[in-house]
Amino acid sequence: MEVDVGVTMKGKKVLVFGLQKSGVCATNLLLSLGADVTVTDKKSKEELMEFIKMLSPSAKQMLGGHPEDMHDIDLIVVSPGVPMGIEPLGKARAKGIKTIGELELAYRVVGERIPFYAVTGTNGKSTTTSLLNLMLQKAGKNTILGGNIGNAITGEHDDPETLKALKGDIRSKVFFFSRLHEVKGVYLKGNGIYYDMPIGKGFLMSLDDIAIKGVHNLENAMAGSAMALLAGCHADAIRQALREFRGLPHRLEFVRELNGVTFVNDSKGTNVGAVLKSLESFSNPIVLIAGGRDKAGDFTTLRDLVRERVKALVLIGEAKEKIRSALGDIVPCMLENDMSSAVKLSKEIADRGDVVLLSPACTSFDMFRDFEDRGERFKEAVWRL
């Protein structure tokens, strides 16, 4: 059933998946529009108490699991941290229940009045969004940074997977970013970034002038630049932002150098694809700390880069045996029980000029509260050395 959000929600039955910051804001917004709202989360009432206190009293709650029967639901709104592929949402879509994200809810309510610039994908979303926000501000625009990056909106290229998603009936104009080819969009050529956009074409800036490092951050910079150019930002504003932006915590974050060994925190590397980008970013030998709760990742896809760039693996968490099985025949693998001992062992293995890199390829929830908690524990352990 199609629901015209933003025109009328009075009497509509809406189910909000995920009760944290975005879920609270979406629920309260929908209630203000006259909807009958139930919010659901697999976590218990005790775990979610800080968010429950922020809910409107008229919100219904279904916590500790998700409802089985959703036949009378008109609309489902999904918070950014909830995977669209979970079984209850799949069943709901199979029944024809309209399912949208919290960001789309915000767009439907206010998108006719203010411009939205949205970033999606597997990796690099937060960095690209933050960088685009800075570019827009440098161009003199008033912005609100939101989404799964701090503020809830209701209250925020040549990649093969992207190309697959673009097949079919596309009504939008498509622009690309690429490290490998000249494209209609933004691309790398030699040591410079160039653009070919509706506003014209030309040289944007040298790689040497970009503050953030790493191949994945180069791609983030090009993606942000393409969006900023399309949003009407002058190239000078984009250059200024790229010279100033130092990146976000837990994303290839430099921690310290000790006795010639560089320690880097990439705790946000929660999947295999992110780790591939991280490994590509270093030419020096790497001692890689990895492991955590497996996301059904294919760790064998790391084999070529691990063979080429990693001198040793220090593994922690639930997935450590699976990772050792996938990579243990090509690189020494040591198993540790906690972050502190993993950092200490990595220091012993590393020689001057090496990089100790935390890039787990897994989620953090087996040992830590979230990826930020894992990254902070890594940094604390490094500074205790």
Side-chain angles (χ1 to χ4, degrees), residues 123-124 126-127 212-220 246-295 297 299 301-317 319-320 323-324 326-328 330-336 338-364 367-368 371-385:
N123 300 308
S126 295
T127 298
I212 50 174
K213 304 303 178 185
V215 295
H216 70 308
N217 277 327
L218 173 58
E219 292 176 347
N220 296 336
R246 298 284 171 181
L248 299 177
H250 314 298
R251 294 145 173 100
L252 280 188
E253 176 189 11
F254 172 80
V255 180
R256 72 181 293 198
E257 184 178 309
L258 179 63
N259 298 329
V261 176
T262 301
F263 292 82
V264 177
N265 167 29
D266 190 44
S267 182
K268 189 61 171 67
T270 58
N271 57 62
V272 171
V275 178
L276 286 170
K277 298 290 187 184
S278 297
L279 293 178
E280 285 182 330
S281 299
F282 300 97
S283 56
N284 291 16
I286 299 168
V287 178
L288 177 63
I289 301 175
R293 178 160 292 169
D294 182 23
K295 295 173 68 174
F299 300 111
T301 59
L302 294 168
R303 287 178 66 86
D304 289 344
L305 269 178
V306 165
R307 182 184 289 110
E308 177 185 334
R309 306 192 181 196
V310 175
K311 67 184 295 183
L313 272 168
V314 179
L315 303 174
I316 59 175
K320 58 187 177 184
I323 299 174
R324 180 164 69 173
L327 304 172
I330 59 173
V331 66
C333 292
M334 279 68 74
L335 307 185
E336 289 292 341
D338 56 55
M339 183 64 76
S340 180
S341 59
V343 169
K344 289 178 181 177
L345 179 58
S346 299
K347 175 183 177 293
E348 294 171 6
I349 296 170
D351 296 313
R352 181 174 291 274
D354 290 352
V355 175
V356 173
L357 171 66
L358 170 67
S359 194
C362 300
T363 70
S364 58
M367 298 171 65
F368 308 97
F371 76 85
E372 290 100 339
D373 180 40
R374 176 170 60 190
E376 292 302 325
R377 300 271 198 94
F378 172 76
K379 291 192 286 188
E380 290 169 4
V382 170
W383 281 107
R384 284 197 302 267
L385 293 174

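Counting from 1, the numbers follow the sequence of the chain as shown.
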Between Arg256 and Trp383, is there a side-chain heavy-atom distance shorter than 4.5 Å? yes
Point-to-point distance, once rounded to the nearest 0.5 Å, from CG of Asp294 to SG of Cys362: 5.5 Å
The test is side chain to side chain donor-acceptor pair (under 3.5 Å); show your working for Arg374 and Ser267 and say whether it passes. CA-CA 7 Å; Arg374 176 170 60 190; Ser267 182; 3.0 Å; yes
With a 4.5 Å heavy-atom cut-off, do Arg324 and Leu315 have their side chains touching? yes
Could you report the tightest heavy-atom contact between Ser359 and Ala290, atom names first, then the distance? O-CB, 3.8 Å
Straight-line distance of Leu345 CG to Lys347 NZ, nearest 0.5 Å: 11.0 Å
Roughly how far apart are Met367 CE and Asp373 CG, rounded to 0.5 Å? 10.5 Å
Do Val343 and Val356 have side chains that get closer than 4.5 Å, going by heavy atoms? no
Looking only at heavy atoms, the pair that brings Ile212 and Gly247 closest together is CG2-N, 3.3 Å
Taking Ser340 for the side chain and Ala381 for the main chain, is one N or O donor matched with an acceptor at less than 3.5 Å? no
How long is the straight-line distance from CD of Glu280 back to CG of Leu305, given to the nearest 0.5 Å? 5.5 Å
Could you tell me whether Lys379 and Glu376 make a salt bridge, using a distance below 4.0 angstrom between a side-chain N and a carboxylate O? yes
Contact check, side chains of Leu358 and Phe263, non-hydrogen atoms, under 4.5 Å: no
Which heavy atom of Pro360 sits nearest to which heavy atom of Val275, and what is that distance? C-CG2, 4.4 Å
Polar side-chain atom of Asn217 near backbone of Asn220 as donor-acceptor pair, under 3.5 Å: no
What's the spacing between Thr127 OG1 and Arg251 CZ if we round to 0.5 Å? 5.0 Å
Measuring from Arg384:CZ to Lys344:NZ, what's the distance to the nearest 0.5 Å? 7.0 Å
Shortest non-hydrogen pair, Ser346 vs Val314, comes out as OG-CG2, 3.5 Å
Any side-chain heavy atom of Ile330 sitting closer than 4.5 Å to one from Arg303? yes
Partners of Val310 by side chain to side chain contact (heavy atoms under 4.5 Å, CB included), sequence neighbours excluded? Leu279, Ile286, Leu288, Val306, Leu313, Val331
Do Glu336 and Lys320 meet the salt-bridge criterion of a basic N to acidic O distance under 4.0 Å? no
Correct closest heavy-atom pair for Ile289 and Ala342 would be CD1-O, 4.0 Å
Any idea which heavy atoms bring Ala312 and Ile349 closest together, and the distance? CB-CG2, 3.9 Å
Is there a side-chain contact (heavy atoms from CB on, under 4.5 Å) between Lys277 and Ser281 once you walk through the steps? CA-CA 7 Å; Lys277 298 290 187 184; Ser281 299; 5.6 Å; no
Just wondering, do Asp354 and Lys311 contact through their side chains at under 4.5 Å, heavy atoms? yes
For Val264, all residues meeting side chain to side chain contact (heavy atoms under 4.5 Å, CB included), sequence neighbours excluded: Leu252, Thr262, Phe282, Val355, Leu357
Whether His250 and Phe371 hold their rings parallel, tilted or perpendicular, with breakpoints at 30° and 60°: perpendicular
Just so I know, are the side chains of Leu302 and Leu276 near enough to count as touching, which here means a heavy-atom distance under 4.5 Å? yes
Run the numbers on Asp338 and Ile316 for side-chain contact (heavy atoms from CB on, under 4.5 Å), then give the verdict. CA-CA 6 Å; Asp338 56 55; Ile316 59 175; over 6 Å; no
